[in-house]
Amino acid sequence: METDEANVTGAPDFYAIEKKWQKMWRESKIFEAEPDERPKFFITIPYPYLNGNLHAGHTRTITIGDAVARYMRMNGYNVLFPMGYHVTGTPIIGLAERIANRDPETIEVYTKYHDVPLEDLLELNTPEKIVEYFSREATKALNSIGYSIDWRRVFTTMDEPYQKFIEWQYWKLKEKNLVAKGSHPVRYCPHDENPVEDHDLMKGENATIVDFTVIKLYGYDGGLIAFPCATLRPETIFGVTNIWINPAGKYVLAEVNGEKWVLSREAADKLVHQEKEVKVIEEVNPKDFIGKTVVNVVLAGMLADDLAEVLKATGSDIADLMEEIARFERREDRIAKVVENLDRVVEGLISSFSNLRKLCDGSKYEKELETLRMIVVPVLPADFVDTDNATGIVMSVPAHAPYDYVALKDLEKEVKNEAGLKDLEGLVKVKPIVLIRIEGENYEVPAVEVSEELGIKNQGEKELLDKATKIVYRKEFHKGVLLENTLYPGMPVSRVKDVLQKDLIDLGVGDVFYEFSEKPVVCRCGTKCVVKIVKDQWFLNYSRPDWKKKVFELLDRMKIIPEYYKEEFRNKVEWLKDKACARRKGLGTRIPWDREWLIESLSDSTIYMCYYILAKFINEGRLKAENITPELLDYVFLGTGDIESASRSSKLSAETVEEIRRDFEYWYPVDLRSSGKDLVANHLLFFLFHHVAIFPPELWPKAIAVNGYVSLEGKKMSKSKGPLLTMKRAVKENGADVTRMYILYASEYDSDADWRKKDVENLAHHLSRFYSLMKKYYTREPEGFKDFKSSAHLDRWLVSRMQRAIKETRDAMEKLQTRRAVNSAFFEVMNDVRWYLRRGGKNPQIIFDDWIKLLSPFAPHICEEIWHWKHSSFVSLEKYPEYDESRVDEIAEVAEEYIKELMNDIKEVLKFVDAKVVYIAPAEEWKKEVAKIALKAGNFGKAMKELMKDERWRGMSKEVSNFVKKVLKESKIVEVDEKRVIEESKDFLEKELGVKIAVDDSKIPEDKKKLAMPGKPAVYAE
RNA sequence: GCGGGGGUUGCCGAGCCAGGAAAAGGCGCAGGGCUUAAGACCCUGUCCCGAAGGGGUCCGCGGGUUCAAAUCCCGCCCCCCGCACCA
């Protein structure tokens, strides 16, 4: 029998095949790209960071890149696909230290998940050895999976020439004023005296740094004493009725930048790290301050008119001063003036207030007292104040903060009932000051109404209070607008914070206190972390509008895949702030003008794609670090300066310089950067920023593609905790082609791929089947097949279907939809071939050349192997199959579809009848009119309307409507010679169905005939 | 909270942008063929009902538009990711 030679061969030796072709490719240098007359395609994948072995995540991203590279190469492009290694930063150093210290956890993770043999691992006790080891391993892995990389361009970011390149880049940025010094808050461990990164944390990984606005209210006790109130809503300063202090807390009096502050003990400790000069004078008892009053300086300025009147009426000695202040037109100026005379104003106001109180509770100065009350507010006790949050002192704004309102109400009651609090009588009054209007809502005093709606009885009901707070804050933030009694009437609450914070600081009554959003934040060493302001850091000024504008321009013109990431990128550009780009610790390049700083790792990997051009010359030994001068790089990358100075400074011949320049001009810009989605908000963003900063628009990148992660059996992979699947292991266990195909087929775009052993094995079976098919048919002469035009129906069908697959695969690849591409190029063709063989096709090999080429970007080794059974060229360099409309035979396709449907119909019937013979007859000719009418009408609705006018059709509206749908989709159905098709397929149907088939309408009853329509013959079984 | 994405038949996952199939493909499961047997391979079935190719129900929930909605519109619920100085 002819069948069995294929099956017996069994599974091919993937491993041997892979090794063989990898060697052949390498020896033939077919992926080493040099400029020529072809159009070029420069594709890059972010170089991997080498603190471990490459894993399934890398495998996915790079396989996508390689499939595209191979696809483009087969489409006539001169493709450059290089790779390098990223080693900048601290993780490698940390790893070396942990290995040197024999850290058990590290050893476990690296032997268990990264597949590093223990004896090798223990050797890796310096960063250099780690880089050496993992780059070697990475190269092995990348080769073992068959990527078409031009290895002459490999490098690491520690290489001296690379550092020269980065120095040049940073000089360029400096020239353009895009790098500047500043300070920046970071998470910091006081014990280690170091900034703390995520993986160094024991607790609090989710904590972010929030900036509280500190607003100082002033008391007076022989001198000014500031009460720094911390708030996230500085606008509420206009509605303060009192301030809160925790009577049970530990507080200190300290000199902060020369001013006396009352603040919590913790706060004083924290401020030391926040660029403040802090000298603790003494511990103080918070209860001593309760009942004392403090001055709201902002309001004092704003209400200077009223104050002046009050002070005059009550004979205060600062009445004149206040009048003077009131003469200023602008509120800001008044406040400034108050601050200028802070000492006198505060003392004067406080003593006036206290005099007036003693003098006249409830008598003739009632109104004046009320005015003063708004500005001179009491310090009151509150348990809910957290001394470990910011300063430990907060403002009370009962109109807009449910906690404040409810606590005040409680306190009011207590004052009446408890003897110990009698001092506070007259000071505790619940009189909320409203400063925000919420658009579209009817609140008078939001905090009061919301608290009442929720039925909050006292401050013990924390849950409800939190809920109320959330409601009020949310509504006010989104729909709130400031009222007349504020500094910015009409301004939305959502916008006021930054403005006001800055104003208050400028006026001298404000400050910033950085605090964690969640607590505690604990370092691995067990110490509680603080926020530290790092001074004199170098920053990349990403927030500059002119810089961003250019990035937006780039985004507009570039292609982002998938498309909706363009919007995501825009948002991220908008959101990006200045970024500290200097570090004290780590591997990398020093800032050339300030050598105590290292350039941070995300900042030295932004335009390095152009370094691949240099790398070839460097690896050839033609270019050394000392040759890489600014003049050289200006000339070869930017075309500025001149060849003479480039040549002179670099000590390279003019020819060499020109050669590098030509290479660069040929290859640049980057045509596609394909990356995992984790790099969107950082690396890819910086990639865009730096390109627009340094290169002219014609050298800006053309496209970015983003792909999702890989999980293992549904579990997230983790480099540091496992599970992890290394590229090496995946290839070793499954073979390169299986690994590649699986990862490409597992999912699309940014959705995550799940690596499932079972599915992977199954794919391997599919590939083996493919190989067997090839083995059986590929080299065989086709029977009775000369060319497409004259061939038999089934052969034409197969060729036609192949055209569909080609079109679909190409379309998918153009959009980087590898899943769809593999599906059509592999699975769908496979199904067609199977159907073809089942139908008795003898010549599947007529499409095999195309099929092998079609699959070659995805499973290059096996394709190369099979291809060589018949050809001596590399399939990797062949022309990718082109969709050829002249080889599409719609009628053949429709006819096959017809047979499939007929078979299903008969099968359905046979389910219910135990028949020996099935009679089939195509519908009567006249029914084809339906098709004509339907096609003329063009759409379903019109067609049905038209047809139902004819009474012949009315009795069978159901059948007609089904047919109309069909004919509108496959118009060729009417051109099929049904009778002939059935006759030709008779043997097939009989074999498949196990019954006798007869084309004979005389045996078919009328009611069955009625059901027939073109494309759906009458069937009768008996 | 802000921003981006998403909820499809046992599972994974297409389809939705350009309305008109119980809804591709894979996995799993069941049955049959092949085989001494296992594996591999091939075929069939896999929402419910049905002794004739049919009918019913279905794509997070609730409305709406339409001859027709998984697909368009409105409201709601739920899930994932990013929010940084870390590669």
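Residue numbering restarts at 1 for every chain, and letters A, B, ... go by the order of the sequence lines. Keep in mind that this is a model prediction, so the values were computed, not measured.
A/Lys677 comes within 4.0 angstrom of nothing in the nucleic acid, heavy atoms only. Contact annotation for A/His184: base contact, defined as any heavy-atom pair under 4.0 Å involving a base atom. Among the heavy atoms of the strands lying under 4.0 Å from A/Asp759 are primed sugar atoms or P, OP1, OP2 only; no base atom is included. Across all strands, A/Thr208 comes closer than 4.0 Å only to sugar-phosphate atoms, never to a base (heavy-atom distances). At a threshold of 4.0 angstrom between heavy atoms, the contacts of A/Arg820 with the nucleic acid are absent. Residue A/Pro1017 is classed as a base contact, given a heavy-atom separation below 4.0 Å to a base. A/Leu576 comes within contact range of at least one nucleobase, with a heavy-atom separation under 4.0 Å. Looking at heavy-atom distances under 4.0 Å, A/Ala580 makes contact with a base. Note on A/Asp578: a base of the nucleic acid sits closer than 4.0 angstrom, heavy atoms only. A/Thr88 comes within contact range of the sugar-phosphate backbone alone, with a heavy-atom separation under 4.0 Å but no base atom that close.
Nearest-nucleotide mapping onto RNA chain B: of A/Asp752 and A/Ala582, the residue sitting toward the 5' end is A/Asp752. Along RNA chain B, the nucleotide closest to A/Arg819 and the one closest to A/Leu902 are compared, and the more 5′ of them pairs with A/Arg819.
In the set B/G53, B/A40, B/G4, B/A40 carries the atom at the smallest distance from any side-chain atom of A/His765. You'll find that the side chain of A/Arg756 is closest to B/C11, out of B/C11, B/G25, B/G5. Among B/A84, B/G45, B/G5, the nucleotide with an atom closest to any side-chain atom of A/Lys577 is B/A84. Counting only heavy atoms from C-beta on, A/Phe827 has its side chain closest to B/G25 among B/G25, B/G82, B/C83. Considering only side-chain atoms of A/Arg769, the nucleotide from B/U44, B/C42, B/G26 that sits closest is B/C42. Ranking B/C85, B/G25, B/G54 by closeness to the A/Tyr745 side chain, first place goes to B/G25.
In the interface, the side chain of A/Asn571 is not paired with the base of B/G3 through any donor and acceptor atom under 3.5 Å apart. Taking 3.5 Å as the limit, the base of B/C27 and the side chain of A/Lys758 contain no donor-acceptor pair of atoms between them.
For A/Arg187, no side-chain nitrogen or oxygen approaches OP1 or OP2 of B/A84 to under 4.0 Å. Considering only side-chain N and O atoms, A/His766 lies under 4.0 angstrom from the phosphate OP1 or OP2 of B/C27. In this model, the phosphate group of B/C43 is not approached by any side-chain N or O of A/Arg839 to a distance below 4.0 Å at OP1 or OP2.
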Identify all side-chain donor-acceptor contacts of residues 678-685 of chain A below 3.5 Å with residues at least two apart in sequence or on another chain.
| unit_1 | atom_1 | unit_2 | atom_2 | d |
| --- | --- | --- | --- | --- |
| A/Asn682 | ND2 | A/Asp678 | O | 3.2 |
| A/His683 | ND1 | A/Ser605 | O | 3.3 |
| A/His683 | NE2 | A/Arg673 | NE | 3.0 |
| A/His683 | NE2 | A/Arg673 | NH2 | 2.9 |

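One atom, CG of A/Asp466, and another, P of B/G1, lie 15 Å apart when rounded to the nearest Å.
The ring of A/Tyr110 has its center closer than 6.0 angstrom to the ring center of A/His114. A/Tyr608 and A/His86 have their aromatic ring centers separated by at least 6.0 angstrom. Note: A/Trp835 and A/Phe988 meet the aromatic proximity criterion, with ring centroids under 6.0 Å apart.
Look at B/G50: it lacks any Watson-Crick or wobble partner with both distances under 3.5 angstrom.
Spacing between B/G6 and B/C73 at atom P, rounded to whole Å, works out to 13 Å. If you take atom P in B/A23 and the same atom in B/A70, they sit 13 Å apart, rounded to whole Å. Spacing between B/U44 and B/C76 at atom P, rounded to whole Å, works out to 48 Å.
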N/O contacts under 3.5 Å, protein versus nucleotides 46-52 of chain B?
| unit_1 | atom_1 | unit_2 | atom_2 | d |
| --- | --- | --- | --- | --- |
| B/G50 | O6 | A/Lys911 | NZ | 3.0 |
| B/G50 | N1 | A/Glu908 | OE2 | 3.0 |
| B/A52 | N6 | A/Ala1021 | N | 3.4 |
| B/A52 | N6 | A/Ala1021 | O | 2.5 |
| B/A52 | N1 | A/Ala1021 | N | 2.9 |

